[in-house]
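Naming convention: chains lettered A, B, ... in sequence-line order (proteins, then strands); numbering from 1 in each chain. Computed from a predicted model, the values in this text were never measured in an experiment.
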Number of protein chains: 2
Amino acid sequence: MLYAGFMSADLPPFPKPQEPLDTPQLLEVGSAPDEPCLRADAARNRARLLEAAARLIAEHGAAGVTMEAVAAAAGVGKGTVFRRFGDRTGLLTALLDHSAKKLQADFLGGPPPLGPGAPPVERLRAFGVAVLYRSAEQLDLHLAAQPEPTRRFSHPSYRALHTHVTVLLRQILPGADHELLARPLMAFLDPALVNHLTRQCGMPMERLEKGWLDLVARVTRTEV
Amino acid sequence: MLYAGFMSADLPPFPKPQEPLDTPQLLEVGSAPDEPCLRADAARNRARLLEAAARLIAEHGAAGVTMEAVAAAAGVGKGTVFRRFGDRTGLLTALLDHSAKKLQADFLGGPPPLGPGAPPVERLRAFGVAVLYRSAEQLDLHLAAQPEPTRRFSHPSYRALHTHVTVLLRQILPGADHELLARPLMAFLDPALVNHLTRQCGMPMERLEKGWLDLVARVTRTEV
DNA sequence: AATGTAACTGGACCTCGGTCCGGTTAAGGT
DNA sequence: ACCTTAACCGGACCGAGGTCCAGTTACATT
């Protein structure tokens, strides 16, 4: 099936010919050497940048870290950061890439109930819970990595999740408008919402989890 | 009931003592003279700014208008803009304020099916459709006015809508977690989503409308 | 080893949202 | 009419994201 594949590839050569959001950029999941032959110094700088970014964020929080600071901490120029990661969102996304890949592998090819083998409804339930807790773990990073609203829905990592939900819904509700019905489900898992509900409204995660299960139950009820 | 009231009041005196998002700032809907005795020159500049902003946005699109340009077009300094509207989001929100107030008045005290009098489910249906089309009308402005993701859910205009949905849900589903269940419904009406579905996916508004009605039907089904 | 070149580098530079503060002015009391 | 003062004004200033391009460097080819 391999419809998915999060964005993690580095930027094309330059000068940005990229519309990496239009050209689907679907890598298969398990295989890719997803560093398309990066020059040695470039690869080294990439690693340094990621490491520096992770460290600074751990120290000062995701919001209080400037691109220039990351560049300085990695011992490279600011231009290098942007060449490699495109923009701030790209850098932060790259930091989340590992956990994103793992999540994807889990629900795409892992053991049930997340992976194939369990009934679709059950997979959907497990999927939401997994995403919910993953978001909660790295909330700050997810928040800071959120692209501007206009591109949110085109972002590869959103699309992969949305596609998965759509596919599951198709199996559960053959007659519905899955593409559309998947949206509110996805929205419930939005890190920004999780942030608001837990930190500003003070809800415990258990309530969000209950809410997700309830929502899935309501949406996927077939009788009438 | 008067739980709502969009933000439109000008900023407090200065130096910004404002946490207008924490202190609920709930004005009652129909009454307020919502300009709390603005000095003559200030009021004049406020009007000029709104007019200039509207004109520039009509000419160059909401995204291509800088705050400085608005200030210049209005014949005032940049500081004045920020003093009056707080930030970019505030200015754009003020431009949307009229239609926001009207919408609010409609679903709060207008004729059925939007206003009180119709059965709650029917009101909810009408509400979504109304919000959907309102978003579609001024998409660019809504998009540009969107606050940063962190504050999106705290923003008065969001809260008013969310509260209304919650109240309707409470009438329809006495036993459910309305507060939570309202979120995915609200998310379906998010201007950013409407933008993506219509402009990038090319869906017609009719499909979105169908989608909303379907979603409401699923979520509010009461039988087991 | 020499060479050609595509890719990479770094930091000066630009833009734009947002802040600051010394000077100005409208409004109310006398 | 005048004074006081709180509110307002404007534009210099700042920080941070993002761009540009002249110089440098890794790799392939011969």
H196(A)-R152(B) side chain donor-acceptor pair, cut-off 3.5 Å: no

Verify the distance criterion only: is there a donor paired with an acceptor across the side chains of S99(A) and R134(A) at less than 3.5 Å? yes

Between A40(A) and N45(B), which has a closest nucleotide on DNA chain D that is more 5'? N45(B)

Heavy atoms of L132(B) and W212(B) approach each other most closely as CD2-CB, 4.2 Å

Rounded distance in Å - CZ (F85(B)) to P (dG17(C)): 15 Å

Aromatic plane relationship, H164(A) with F127(A) - under 30° parallel, 30 to 60° tilted, over 60° perpendicular: tilted

What contact category does R88(A) fall into here, base, sugar-phosphate, or nothing, at under 4.0 angstrom with non-hydrogen atoms? sugar-phosphate

Separation of dG18(D) atom P from L91(A) atom CG, nearest Å, is 11 Å

Which part of the nucleic acid, if any, lies within contact of G64(B), taking any heavy atom under 4.0 Å across all strands shown: a base, the sugar-phosphate backbone alone, or nothing? nothing

Counting only side-chain nitrogens and oxygens, does R83(A) get under 4.0 Å of the OP1 or OP2 atom of dC8(C)? yes

Hey, does T80(A) reach any base, or is it just sugar-phosphate, or nothing, if we go heavy atoms under 4.0 Å? base

Among dA26(C), dG18(C), dG10(D), find the nucleotide with the atom closest to the side chain of V76(B). dG10(D)

